[in-house]
*Asks:* 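Below is one structure. I have some questions about it.
Since the model is a prediction, treat every value here as computed from it, not as a measurement. Both backbone and side-chain heavy atoms feed into the values below; hydrogens, waters and symmetry mates do not.
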Amino acid sequence: MASSPNPTYQNFIVVDFRYKGTFAPKPLVYFDPDRASMRDIDFSAFGYEQFMEFLHKLTRTTSKDIYFCLPQESLGQGIHTLVNEGDYKEFLDLAYANDKRMNVYVDHQNEPIFDWIEAEESENESKDLDEDEDSVIEDSYTVDYEEDDATYIFPTNKIAHDRFLNILCEPTESKDQDDEYVPP
């Protein structure tokens, strides 16, 4: 007798929890976390308070700073806070829209993560501006070419035994080159 698939599995998302780690800036990373991955829980049936209770039971710690980020985004560009029911709804919406997968981070030291991100972004912007200023300065230099008034005529009848060509092409070790010169 074959069992039919449970229709509630459609609502399941995979949530990768990272906790007891430490955030560090430049670039923003989460070092040495404990990890737990939950695949068989219908998080859409939870509200924010139930999710927080679940998280506290899972991690056996309490923390007011909870964040989430899509797996394909860097922390510095994709991290979001999870502090109320609206944030929890955004968490679920983003997870369902992006392969039903989400990362959750617990900050136990209450680090100023968004200050770090802002400082890193302003550093990157100032570097970009410096590079842009350099390229503008380099592009603004022009060289004017001024033609001489004199006309230079180069003879076209030079031959192989021309003294001028021989001086340029032959080594200058021998001082007797002038004696061997035969005019054309």
*Asks:* Working to the nearest 0.5 angstrom, can you tell me the gap between M102 CE and Y96 OH?
*Replies:*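 If I round to the nearest 0.5 Å, the distance is 11.0 Å.
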*Asks:* Is it true that, when you exclude E73 itself, more than 12 heavy atoms of the residues, nucleotides or ligands shown sit nearer than 6.0 Å to its CD?
*Replies:* yes
*Asks:* Using side-chain contact (heavy atoms from CB on, under 4.5 Å), reason through I66 and L55 one step at a time and then give a plain yes or no.
*Replies:* CA-CA 10 Å; I66 310 298; L55 183 61; 3.5 Å; yes
*Asks:* Between H56 and T61 (side chain of the first, backbone of the second, donor and acceptor by atom type, cut-off under 3.5 Å), is there such a pair?
*Replies:* yes
*Asks:* List in chain and number order the residues that pass side-chain contact (heavy atoms from CB on, under 4.5 Å) with K89, two or more places apart in sequence or in another chain; answer none if no residue qualifies.
*Replies:* D93
*Asks:* Taking ring-ring contact (aromatic ring centres under 6.0 Å, His included) as the definition, give me every residue that meets it alongside Y30, ordered by chain and number, with sequence neighbours left out.
*Replies:*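 Only F23, Y105 meet the ring-ring contact (aromatic ring centres under 6.0 Å, His included) criterion with Y30.
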*Asks:* Is the distance from the ring center of F51 to that of F91 below 6.0 Å?
*Replies:* yes
*Asks:* Rounded at 0.5 Å granularity, tell me how far CD1 in I13 sits from CE in M38.
*Replies:*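 Reported value, rounded in 0.5 Å steps: 12.5 Å.
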*Asks:* Crowded around D99 CG? As in, over 12 foreign heavy atoms under 6.0 Å?
*Replies:* no
*Asks:* Which heavy atom of F68 sits nearest a heavy atom of D87, and at what distance?
*Replies:* CE2-O, 3.9 Å
*Asks:* Please, which pairs that meet salt bridge (charged side-chain N to carboxylate O under 4.0 Å, His left out) have at least one residue in residues 13-31, sequence neighbours excluded?
*Replies:* D16-R101, K26-E123
*Asks:* Using 0.5 Å steps for rounding, measure from the CD1 atom of I41 to the CZ atom of F12.
*Replies:* 8.0 Å
*Asks:* Please round to the nearest 0.5 Å and tell me the distance separating atom CZ of R39 and atom NZ of K100.
*Replies:*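 Rounded to the nearest 0.5 Å, the CZ-NZ separation comes out at 13.5 Å.
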*Asks:* Ignoring hydrogens, what is the shortest heavy-atom contact between L70 and L94? Give both atom names and the distance.
*Replies:* CD2-O, 3.8 Å
*Asks:* If every non-hydrogen atom of C69 is compared with every non-hydrogen atom of L75, which pair is closest and at what distance?
*Replies:*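 Nearest pair, atom of C69 first, then L75: CB-CD2, 4.1 Å.
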*Asks:* Is there a continuous path of hydrophobic side-chain contacts, each under 4.5 Å between heavy atoms, that joins V14 to Y67?
*Replies:* no
*Asks:* Spell out, as yes or no, whether a donor-acceptor pair under 3.5 Å connects the side chain of Y48 to the backbone of V83.
*Replies:* yes
*Asks:* Step through it carefully: locate the ring centre of F43, locate the ring centre of F54, and say whether they are under 6.0 Å apart.
*Replies:* yes
*Asks:* Q50 side chain to G47 main-chain N or O, any donor-acceptor pair under 3.5 Å?
*Replies:*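 Confirmed, Q50 side chain pairs with G47 backbone.
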